[in-house]
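Not measured: the values here are computed from a predicted model. Residue numbers count from 1 along this sequence. Start at 1 and go down the list; that is how both ligands and their atoms are numbered.
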Amino acid sequence: MSSGIRFDRVSVAYDGTTVLDTLDLTVRPGEVMALLGPSGSGKTTALRAVAGFVRPASGRVFIGDRDVTDLPPHRRGIGMVVQQYALFPHMRVDANVAFGLKARKTPKSETAERVAEALETTGMAAYARRYPRELSGGQQQRVAIARALAIRPDVLLLDEPLSALDAQLRSGMLAELARLHRELPDVSVLYVTHDQVEALTLADRIAVMDRARLQDCGTPQELYRRPRTEFTASFVGNANLLPVKVGSGAVTFAGRELSVATGDAAPGAHATLCVRPHLVGLGDGPNALRGRIAEVQWRGATHRLYADVDGHRVIADLRELRQPPDLGDDVTLHFAPRDAVLLAAGVTGAQGRR
Ligand code: ADP
């Protein structure tokens, strides 16, 4: 049986300051949910509320059907991995991995079996008799993951597990974590990160946090293609955010009418139009914008053009551009109506997507 996680209007405050504000969020059984947001947005606090290391000022936390809000951490059935590995330096790898089982008074033979299994799963079987100081950072983090898995948790909490690793190791571990989840499809995972690549790569769904609040929640594709808020649009991928005035079936930007789906946005309202830079084309086309090149960056696979359109900066990422324009050139940029998303002004919170 696998269990999900549910935050039911969970708020946490430190010294009278709310750092997690009425969080409503469900992690489905077997799902990987990333909590993505800038530093200080309340992600770790949310994770610690599930672990039992912080007590909500209000609201309840559920693991499966169980209300665990009043349970101590060791009775919640969770495995947890944090950024700094937190292995016991004086214990060998196998003793580290056995730690949670011992604390639970698991019989010796079963402990040995589960330690072997967890080390096998994480590819660390050959290192059982080493001390943490004899391992690389990536290996230590694997041991920390093995330790979290050894208790066969329903729920795995990962708090920036890759941020202490260098870039190359990080991408290797990312693939490892994805494989691990395929092998353990019943474990629900809450994954705290400020790195959008980690969230986009690993998560089934992403919960976007900012300033103590859930801003948006959806699959990586939903958030990328149809962000609801300016914050999501700019935090998940790059975005042109153009200030526009809503008309009917069209918007006005810099004195030009652009045809885009306006949904239920009120005519006359001010709003923001989100267009991803890689969906902006060079030359004439639908929704053409005339501008002047302010900067050209070569990025290997693409050229990034920065154009000034009536005082607004519009970015275009272009592939296969044989003859990039020069600084100061007048250019026409365009985008397809279906590639633009209208973000209503003042939309915050994640109503409607959960
Ligand atoms: P994130 O994980 O998104 O970086 P945190 O949940 O760690 O954010 O922190 C949210 C806010 O709560 C921050 O402003 C942080 O300084 C504050 N905070 C976290 N832990 C404590 C604590 N033990 N005491 C006081 N303030 C804290």
Can you tell me if Thr193 and Asp195 form a side-chain donor-acceptor pair at under 3.5 Å? no
What protein heavy atom is closest to [atom], reported as residue, atom name and distance in Å?
{"atom": "atom 3 (O) of ligand 1", "result": "Lys43 NZ, 2.8 Å"}
{"atom": "atom 10 (C) of ligand 1", "result": "Gly40 O, 3.6 Å"}
{"atom": "atom 20 (N) of ligand 1", "result": "Tyr14 CE1, 3.3 Å"}

Phe88 six-ring face occupied by Arg147 cation (under 6.0 Å, within 45°):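 Yes, a cation-pi geometry holds between Arg147 and Phe88.
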Does NZ or CZ of Arg6 lie under 6.0 Å from the centre of the six-membered ring of Phe62, at an angle within 45° of the ring axis?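 Checked: cation-pi criterion met.
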Closer than 4.0 Å: a protein non-hydrogen atom to atom 16 (O) of ligand 1: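 Neighbour list for atom 16 (O) of ligand 1 is empty of protein heavy atoms (cut-off 4.0 Å).
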Under-4.0 Å salt bridge between Arg304 and Glu295: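 No.
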Less than 4.0 angstrom from a charged side-chain N to a carboxylate O is my criterion; do Asp339 and Arg276 meet it? no
Does ligand 1 have an atom that lies less than 4.0 angstrom from a heavy atom of Gly42?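 Yes, that is the case, since the closest heavy atom of the residue is under 4.0 Å from the ligand.
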Min heavy-atom dist Pro38 to ligand 1 below 4.0 Å: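 Judged by the 4.0 Å heavy-atom criterion, Pro38 does count as contacting ligand 1.
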Going by the order shown, which atoms of ligand 1 are within less than 4.0 Å of some heavy atom of Ser41?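 It comes down to these atoms of ligand 1: 1 (P), 3 (O), 8 (O).
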Selection from Val19, Thr44, Val12 by shortest heavy-atom distance to atom 11 (C) of ligand 1: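 Answer by nearest heavy atom: Val19.
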When you measure from atom 6 (O) of ligand 1 to each heavy atom in Asp159, Val54, Thr45, which option holds the nearest one?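 Checking each option, the heavy atom nearest atom 6 (O) of ligand 1 is found in Thr45.
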Between Gln297 and His303, does the side-chain hydrogen bond (donor to acceptor under 3.5 Å, both in side chains) criterion hold? Intermediate values first, please. CA-CA 6 Å; Gln297 293 174 349; His303 281 87; over 6 Å; no
More than 12 heavy atoms of other groups within 6.0 Å of Arg179 CZ: yes
